Amino acid sequence: MPDYKSAGDRKSGEFGHVPVLLHRVTELLEPGILALGGNAVVVDGTLGAGGHTEHLLATYPDLCVIGLDRDDNALRDAEQRLAPFGDRFVGFRVRFDALADVLAGQVAPSAGATDASEILARVAERGLAGALFDLGVSSMQLDQVNRGFAYRVDAPLDMRMDATQGITAADILNTYSHGDIARILSTYGDERFAGRIASAIVREREVSPFTTSGRLVELLYDAIPAASRRTGGHPAKRTFQALRVEVNRELEALENVLPMTCEALAVSGRAVFMSYQSLEDRIVKKDFAQRIKSTTPPGLPMELPGHEPRFALITRGAEKASASEIEDNPRAAPVRVRCIERIRPD
Ligand SMILES: C[S@@+](CC[C@H](N)C(=O)[O-])C[C@H]1O[C@@H](n2cnc3c(N)ncnc32)[C@H](O)[C@@H]1O
């Protein structure tokens with residue numbers, strides 16, 4: 001068994017983001033890593049502070065990790081943290097559904113990274129030993145006030161994980177139609193009062209465009225009835241989540257990356273997805289359910305050779321964090337973890 005009291009355990013606090021379910025994630029990825037031995041490469045599709053990756057690199061001395069993050073700040077900090085592992089780590093600043101291009105050598109590694117060619121050659125030859133997607137935003141992103149992710153401070157309504165491109169949350173509030181705003185709040189935020197909030201936003205932006213979060217939070221306090229405010233958590237929580245998902249096209253990226261990841265796995269390789277909201281988890285669950293099916297036409301009395309399922313579920317349902325982990329790290333409360341393993345080549 002790996003030494004679970006490695007660097008990831010000791011240092012997580014220093015880096016502002018405590019990795020969720022660190023030991024369980026390691027345990028889920030371990031069989032793929034051991035099966036590929038000296039050739040094992042894992043993709044960390046959501047590098048963040050590099051907490052999971054640091055632990056994996058410290059635990060398995062032959063392992064290499066390809067780390068992806070669309071957030072330049074996150075990537076730079078993680079690269080510094082992972083520098084002691086030398087060329088066993090390579091980082092790319094991309095949205096994670098660029099994974100296929102990264103593996104095909106079509107994307108340059110980040111400025112701080114070493115040459116990726118040897119690691120990519122290993123993947124081309126053997127496939128991936130594992131992949132990890134710890135979705136959503138990191139604690140550092142929530143803490144960087146000027147990014148606009150947090151609703152408890154007045155800050156510019158930005159919310160882009162990649163601050164160099166795309167629309168901001170303010171753009172959505174100031175330009176989307178009433179119908180589109182209501183749809184986003186209802187679908188991505190599960191907001192019961194989506195129509196009412198959208199009407200208030202459209203009314204308010206006629207007075208002056210939205211620029212900072214304080215005014216939106218105030219509007220939400222007014223638009224959500226007092227009775228619901230008492231039971232439904234912070235009134236801004238669902239709207240902020242919905243805007244973040246739309247700004248970053250989070251669900252589209254997830255839908256795209258699932259097939260790329262599974263196809264890139266070696267036999268015995270495993271993919272772990274950690275979702276923090278029900279829409280993400282539903283997308284992962286649905287994709288995995290398709291993948292573990294046989295392709296033998298229904299109605300035939302026996303499995304046709306070569307049509308057996310290529311993947312198997314490792315987790316039964318979605319796994320959650322324990323009460324004690326949630327107590328230590330409240331960010332772990334909503335997590336739902338699912339893991340799949342490739343069991344046949346084609
Ligand atoms: C929850 S944090 C990951 C924390 C990490 N596992 C750790 O232990 O430090 C998620 C990270 O993934 C990045 N991210 C989220 N969605 C992404 C996407 N579609 N493409 C690339 N990076 C993404 C965010 O910028 C953030 O830094």
Side-chain angles (χ1 to χ4, degrees), residues 6-26 28-29 42-59 65-82 89 91-102 107 110 130-144 147-149 158-166 241 244-258 260-261 272-277 279-280 283-284 321 325 329-337:
S6 72
D9 274 339
R10 293 193 310 273
K11 291 188 187 164
S12 50
E14 282 172 40
F15 293 92
H17 180 97
V18 181
V20 172
L21 281 167
L22 183 63
H23 298 167
R24 181 58 181 146
V25 166
T26 306
L28 286 169
L29 291 171
V42 164
V43 163
D44 182 346
T46 50
L47 184 65
H52 285 104
T53 282
E54 184 188 56
H55 187 64
L56 290 170
L57 287 168
T59 306
V65 174
I66 296 173
L68 316 179
D69 205 297
R70 66 200 297 187
D71 182 333
D72 203 29
N73 290 327
L75 191 59
R76 263 187 284 123
D77 290 351
E79 277 175 341
Q80 238 176 30
R81 178 182 191 173
L82 301 170
F89 171 79
F92 291 85
R93 193 175 73 77
V94 287
R95 197 170 98 164
F96 56 52
D97 54 348
L99 176 63
D101 293 339
V102 167
V107 183
S110 104
L132 171 64
F133 292 85
D134 178 17
L135 301 166
V137 279
S138 67
S139 308
M140 294 97 63
Q141 286 166 327
L142 290 172
D143 289 346
Q144 287 160 7
R147 308 289 296 270
F149 289 112
D158 191 315
M159 298 197 197
R160 289 171 300 171
M161 289 184 199
D162 175 354
T164 64
Q165 55 182 312
Q241 172 182 298
R244 200 198 80 206
V245 169
E246 174 70 7
V247 164
N248 295 291
R249 301 264 190 263
E250 291 181 32
L251 303 182
E252 176 188 295
L254 178 59
E255 275 168 351
N256 291 341
V257 86
L258 276 155
M260 286 175 200
T261 304
V272 175
F273 284 80
M274 306 171 73
S275 309
Y276 294 83
Q277 45 128 321
L279 283 175
E280 287 171 343
I283 290 172
V284 176
E325 173 160 358
N329 180 13
R331 233 187 62 79
V335 78
R336 299 291 179 271
V337 180

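Only a predicted model underlies this, so the values are computations on that prediction, with no experimental measurement involved. Indexing begins at 1, ligand by ligand and atom by atom, following the structure's order.
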Problem - Over all atoms of both residues, closest heavy-atom pair of Thr261 and Ala131 - result: CG2-CB, 3.4 Å
Practice task
State whether the side chain of Asn248 and the backbone N or O of Arg244 hold a donor-acceptor pair below 3.5 Å, judged by distance alone.
Solution key: yes
Problem - Asp71 with Arg93: basic N within carboxylate O range, under 4.0 Å - result: no
Problem - Polar atom proximity, Ala74 to ligand 1 (N or O, under 3.5 Å) - result: no
Practice task
Return the orientation label for the His23 and His55 ring planes: parallel under 30°, perpendicular over 60°, tilted otherwise.
Solution key: tilted
Handout entry: Nearest option to atom 12 (O) of ligand 1, as decided by whichever heavy atom of Leu75, Leu99, Thr46, Val257 sits closest
Key = Thr46
Problem - Nearest-option assignment for atom 7 (C) of ligand 1, heavy atoms, candidates Gly51, Ala78, Ala98 - result: Gly51
Completion exercise
ligand 1 atoms nearer than 4.0 angstrom to some heavy atom of Leu135 are 1 (C)
Handout entry: Structural part of Gln141 in contact with ligand 1, heavy atom criterion under 4.0 angstrom
Key = side chain
Fill in the blank from the handout: heavy-atom search around atom 27 (O) of ligand 1 in the protein gives Asp69 OD2, 2.7 Å
Completion exercise
Note: ligand 1 atoms sitting under 4.0 Å from heavy atoms of Ala253 are 19 (N)
Fill in the blank from the handout: Note: Leu47, heavy atoms under 4.0 Å from ligand 1, region reported as backbone
Exercise for the section: List the atom of Asp158, the atom of Arg147, and the distance in Å for their closest heavy-atom pair. Expected result: CB-O, 3.4 Å
Practice task
Under 4.0 Å, heavy atoms only, figure out whether ligand 1 is touched by the backbone of Arg70, its side chain, both or neither.
Solution key: both
Exercise for the section: Using a 4.0 Å heavy-atom threshold (strictly under), name the region of Glu54 that reaches ligand 1: side chain, backbone, both or neither. Expected result: neither
Problem - His17, portion touching ligand 1 at heavy-atom distance under 4.0 Å - result: side chain
Problem - Arg81 with Asp77: basic N within carboxylate O range, under 4.0 Å - result: no
Problem - Distance filter under 4.0 Å to Met161 heavy atoms, resulting ligand 1 atoms - result: 14 (N), 15 (C), 16 (N), 24 (C), 25 (O)
Fill in the blank from the handout: Under 4.0 Å from one or more heavy atoms of Asp134, ligand 1 contributes atoms 1 (C), 2 (S), 3 (C), 4 (C), 5 (C), 6 (N), 10 (C)
Handout entry: Numbered atoms of ligand 1 (with element) below 4.0 Å of Val137, judged on heavy atoms
Key = 1 (C)
Practice task
Please confirm whether Arg70 makes a cation-pi placement over Phe92, using NZ or CZ under 6.0 Å from the six-membered ring centre and within 45° of the ring normal.
Solution key: no
Problem - Polar contact flag for Ser138 and ligand 1 (N/O pairs, less than 3.5 Å) - result: no
Problem - pair Gln141-Met161: side-chain heavy atoms closer than 4.5 Å - result: yes
Problem - Val94: numbered ligand 1 atoms lying under 4.0 Å from its heavy atoms - result: 20 (N), 21 (C)
Exercise for the section: Report yes if Leu68 has an N/O atom closer than 3.5 Å to an N/O atom of ligand 1; otherwise report no. Expected result: no
Exercise for the section: Could you list which atoms of ligand 1 come closer than 4.0 Å to a heavy atom of Gly136? Expected result: 10 (C), 11 (C), 12 (O), 15 (C), 24 (C), 26 (C)
Problem - Proximal atoms of ligand 1 relative to Asp71 (non-hydrogen, under 4.0 Å) - result: 25 (O)
Exercise for the section: Check the pair Arg95 / Glu252 against salt bridge (charged side-chain N to carboxylate O under 4.0 Å, His left out), numbers first and verdict last. Expected result: CA-CA 11 Å; Arg95 197 170 98 164; Glu252 176 188 295; 2.8 Å; yes
